[in-house]
Amino acid sequence: MKALLSGNEAIARGAYEYGVKVASAYPGTPSSEILKNTAEYKDVIYVEWATNEKVATEVAIGASFGGSRTMTTMKSAGANVACDPLVAFTHAGVNGGFVMVICGDPGMASSSTEQDDRYFAKLARCPILEPSDSQEAKEFVGLALDLSEKFDIPVILRSTTGLSHSKSLVELGERTEHECKGFERNIAKNCLLPAYARKLRTWLIERERLLTEWGNESDINRIEPGDKKIGIISSGVTYQAAKEVMPNASFLKLGMTFPLPMEKIKKFAASVEKLFVVEELEPFIEEHIKAAGIPVIGKEVLPMEGEFTPDRIAAGFIKAGIDLPRWKDMANIVANPPKSVPRMPVQCAGCPHRGISMAIKKLDLNVCGDIGCYDLITLPPFEIMHTDLEMGGSVSNAVGVVRAGKQDKPTVAVIGDSTFFHSGMTGLLNAAYNKSNLTLLIFNNSITGMTGGQFNPGTEYTLSGVPADPVSIPEICKALGVKDVHVVDPYDYKACLDVLKETTAHEGVSVVMTNRPCMLYPKKYVAPQKCEVVADKCIGCHICLKQCTCPAFELTEQTTDKGKLIPRINPDDCVGCTICAQICPKDAIREVK
Amino acid sequence: MANYKETQNVLIVGCGGQGVILASNILSDVLSCIDGMDVKKAETHGMSQRGGSVHAQVRFGEKVYAPFISPGEAQVILAFEEAEGLRWNHYLAKDGVMILNQDRIIPPLAFVGMADYPDDALVELKKRDDVKCIDANKMAKEIGNVKVASVVLLGALAAMLDFPENVWKENLQKRVPAKALEANMKAFDAGFAAMKAL
């Protein structure tokens, strides 16, 4: 039977068919749907949302130690977090097959960095597989697990947004069980004390040689003979885009991009007149080929950044002097897109982040931010988050800003509940221990919202459906050594102002946590009450529109007697948070049941 | 679009919550039912629930390589919202058709003077012969369920493609709630008839 699956759904299907028993992950676009879909098979696969990617990887490594096939999934930024256990684990090698799925985001559709994850494979010296469509995404999970067990090594499966979030046809199969081998005591293999690790390092280099030999033989790296004038080496979904542009050229399609099959590459290079490498981001393959003394064209005509859509690849070939009638006018079309209205993402109607964000703006604080929905306050009209790098960074960045010695305005850190659990807690412990002067605002909406509403230690269920004991963030903060801990209702604007004034004046570490849930997750909130504009009282000042930028607002034809447009609140969208009513200077917004 | 040997491109665009993804799912379900048809589909994820634009790119034919539609190559653009239709206009093929739903979703920033809704450009767009305007919201209201506007548009799209009506309806049935089935069927028929009449 065939099904139309996204790359992410196909990877989940692969985990099922090829006998994975344990899967642990932290969500991150574009990887999040893999574990969500793996959870469909929770009768036979244990699935969990871990607190961060390092933890997820360590759970999966443990499952491999324990003798079962296992998978962990993450986005690029998460792989940075998980790099430490990965590098260590490649030295030790596996018991049960281990696959780490890393989903990159060339073009940064929803990521703060653009990075080429193939370097993790080179750094850790483990193989990396790059499927080019959903069928391969599924099959390569099985291949990764087989290679992992055959060569005693963890394997990375690399996807990118173009694969993870596109769908293509997949032939479905049955699950093959792989019996758990049980925990194996092997100190010399699994304990990286220098005396053991030096031997493992030698074995690691040998394993890379064996894998290179395998790659030279295997069909995973496939020569597709075509027009001999042009030969193209490519991998992943970029291979499909390159085929779109040059369907008749000769191709060497690489399914494994580390270690590279240099013998096969030399053979292919010798068979064509002009050799190109088409690869997104860094010249990873290109540098290896050039180091082998083989002439090749790559980054001198193709861009180093962004997603490789066919038109961008075509532009590179045209630059290299190749005539491509279908593509020759495309650059002009792309350079002059029609001008339409920008649709920047805004906070949802009733979002619990709105009231506290408006209070921060009112008090004009310095804000060190973090990764989550509250990122939106970096955008107009708020523009009140001043630093925002990576998961968990806010807490210690704010500590450092204060330690630097000179600040005209009070500085606060802003973090969400899931990001606090991910890597904010260690920073808070550090701040409390070192007697820092910090105000930490935890925008708690009791869910991992930005990535689609995944459970976390603050929610009432786990991914496998087991009722959880939601952890108390104020109690955690107290246990970490913070004495000044506040809980505030973010629907109470004045209370938000008051608590910010109090805590930013307080010497030492203070924490303020908000206590209203996300409006979208775990299910869309349906409010028993709404707000409405009282047309008689409204003077058309639009303070409500400008300060809240709530999507429930509309402008209608109705005007005040001075001809100013009167806003209307769409009752289908409003959830009655009343923030707009609290800031209206004329008391012209009221609550209705 | 009777010849599916060459890869065909259908681009569906709109705003979060309008049903763009539902329509694209039903289209790709229909395509998956056809023997020997290769299908690829790419869609936006992430920010769309928070007021952003949403698009789905569906490609089909004997053999489809890239999941992305290239500019100037969409045979059909189905636009759920006017400004979104304009945004993707440069993706329309020279012999392509844009089905434009007469719905305007004004983003909050436009209210506060930080963005302009493209009224003038839309007047020009609607004058064109290759742009077919449909008021799906009005038709859905007449059927008695505003939520079926997306299926009105799906019906209009079906009128542009040569697949049997029963295949569309079987797949539609699988994707909509049972209690709204009748309204959805009516919506599909209404959209199909409206497009044929244009």
Side-chain angles (χ1 to χ4, degrees), chain A residues 2-4 6 29-30 33 109-110 133 161-163 165-169 237 239-245 247 307 309-311 314 326-327 329-330 333-334 336-348 373 376 380-381 450-452 520 542 545-546 548-551 553-555 567, chain B residues 7 15-16 24-25 28-29 31-32 37-54 56-59 63-73 82-91 105-118 121-122 125 146:
Chain A
K2 279 196 172 185
L4 191 68
S6 70
T29 314
E33 300 82 11
S110 41
D133 60 17
T161 309
L163 173 66
H165 286 172
S166 74
K167 295 190 177 192
S168 58
L169 294 166
V237 77
Y239 155 81
Q240 301 285 357
K243 276 291 246 199
E244 183 79 33
V245 178
E307 188 172 46
T309 48
D311 59 289
R326 176 181 162 194
W327 306 93
D329 295 331
M330 205 87 76
I333 304 179
V334 177
N336 301 295
K339 205 166 165 283
S340 192
V341 67
R343 284 192 201 278
M344 282 203 250
V346 292
Q347 292 172 337
C348 301
C373 275
L376 298 179
M450 189 64 144
T451 44
L520 287 177
H542 297 172
L545 289 174
K546 287 176 191 162
C548 296
T549 53
C550 173
F553 277 112
E554 298 169 347
L555 282 178
Chain B
T7 299
C15 298
S24 71
N25 281 339
S28 32
D29 289 349
L31 294 165
S32 306
M37 183 74 89
D38 194 13
V39 189
K40 282 192 180 168
K41 178 185 174 210
E43 58 191 44
T44 40
H45 282 237
M47 297 284 203
S48 52
Q49 297 236 31
R50 296 159 190 86
S53 328
V54 178
Q57 315 191 11
V58 183
R59 310 193 71 211
K63 173 71 192 159
V64 181
Y65 292 115
F68 320 107
I69 297 175
S70 293
E73 296 201 342
E82 293 185 4
E84 294 308 307
L86 177 67
R87 187 188 315 284
W88 290 91
N89 175 45
H90 60 308
Y91 274 71
I105 297 175
I106 318 279
L109 288 183
F111 293 141
V112 295
M114 296 179 70
D116 289 318
Y117 199 81
L122 282 168
L125 184 75
V146 287

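The sequence lines fix the lettering, A, B, ..., with proteins before strands; numbering per chain opens at 1.
- In this structure a side-chain-to-backbone donor-acceptor pair under 3.5 Å is present from Tyr117(B) to Ala83(B).
- By number of non-hydrogen pairs under 4.5 angstrom with chain B, the leading residue of Cys548(A), Pro551(A), Ser168(A) is Ser168(A).
- Checked against side chain to side chain donor-acceptor pair (under 3.5 Å), Ser70(B) has no partners two or more places apart in sequence or in another chain.
- There is no contact between Lys2(A) and chain B, counting heavy-atom distances below 4.5 Å.
- Looking at Glu82(B), neither its backbone nor its side chain comes within 4.5 Å of chain A, counting heavy atoms on both sides.
- Among Lys546(A), Met330(A), Lys339(A), the residue with the largest count of heavy-atom pairs under 4.5 Å with chain B is Met330(A).
- Heavy-atom distances place no part of Asp329(A) under 4.5 Å from chain B, backbone and side chain included.
- Each of Glu307(A), Glu554(A), Lys243(A) has some count of heavy-atom pairs under 4.5 Å with chain B, and the biggest count is that of Lys243(A).
- Both the backbone and the side chain of Ile105(B) come within less than 4.5 Å of a heavy atom of chain A.
- Between Pro567(A) and Leu555(A), the shortest heavy-atom contact is CA-CD2, 3.8 Å.
- Taking CG of Asp133(A) as the start and NZ of Lys40(B) as the end, the distance is 5.0 Å to the nearest 0.5 Å.
- Legend: residues meeting salt bridge (Lys or Arg N to Asp or Glu O under 4.0 Å) with Lys167(A), ordered by chain and number and at least two apart, are absent.
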Would Glu244(A) and Arg59(B) satisfy salt bridge (Lys or Arg N to Asp or Glu O under 4.0 Å), going step by step from the backbone distance to the final call? CA-CA 12 Å; Glu244(A) 183 79 33; Arg59(B) 310 193 71 211; 2.8 Å; yes

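- Heavy atoms closer than 4.5 Å to chain A are found nowhere in Asp29(B), neither backbone nor side chain.
- The heavy-atom pair separating Ser24(B) from Val58(B) by the smallest distance is CB-CG2, 4.3 Å.
- Residue Asp116(B) touches chain A through its backbone alone, counting heavy-atom pairs closer than 4.5 Å.
- Most heavy-atom pairs under 4.5 Å with chain A: of the set Ala42(B), Pro71(B), Pro67(B), this distinction falls to Pro71(B).
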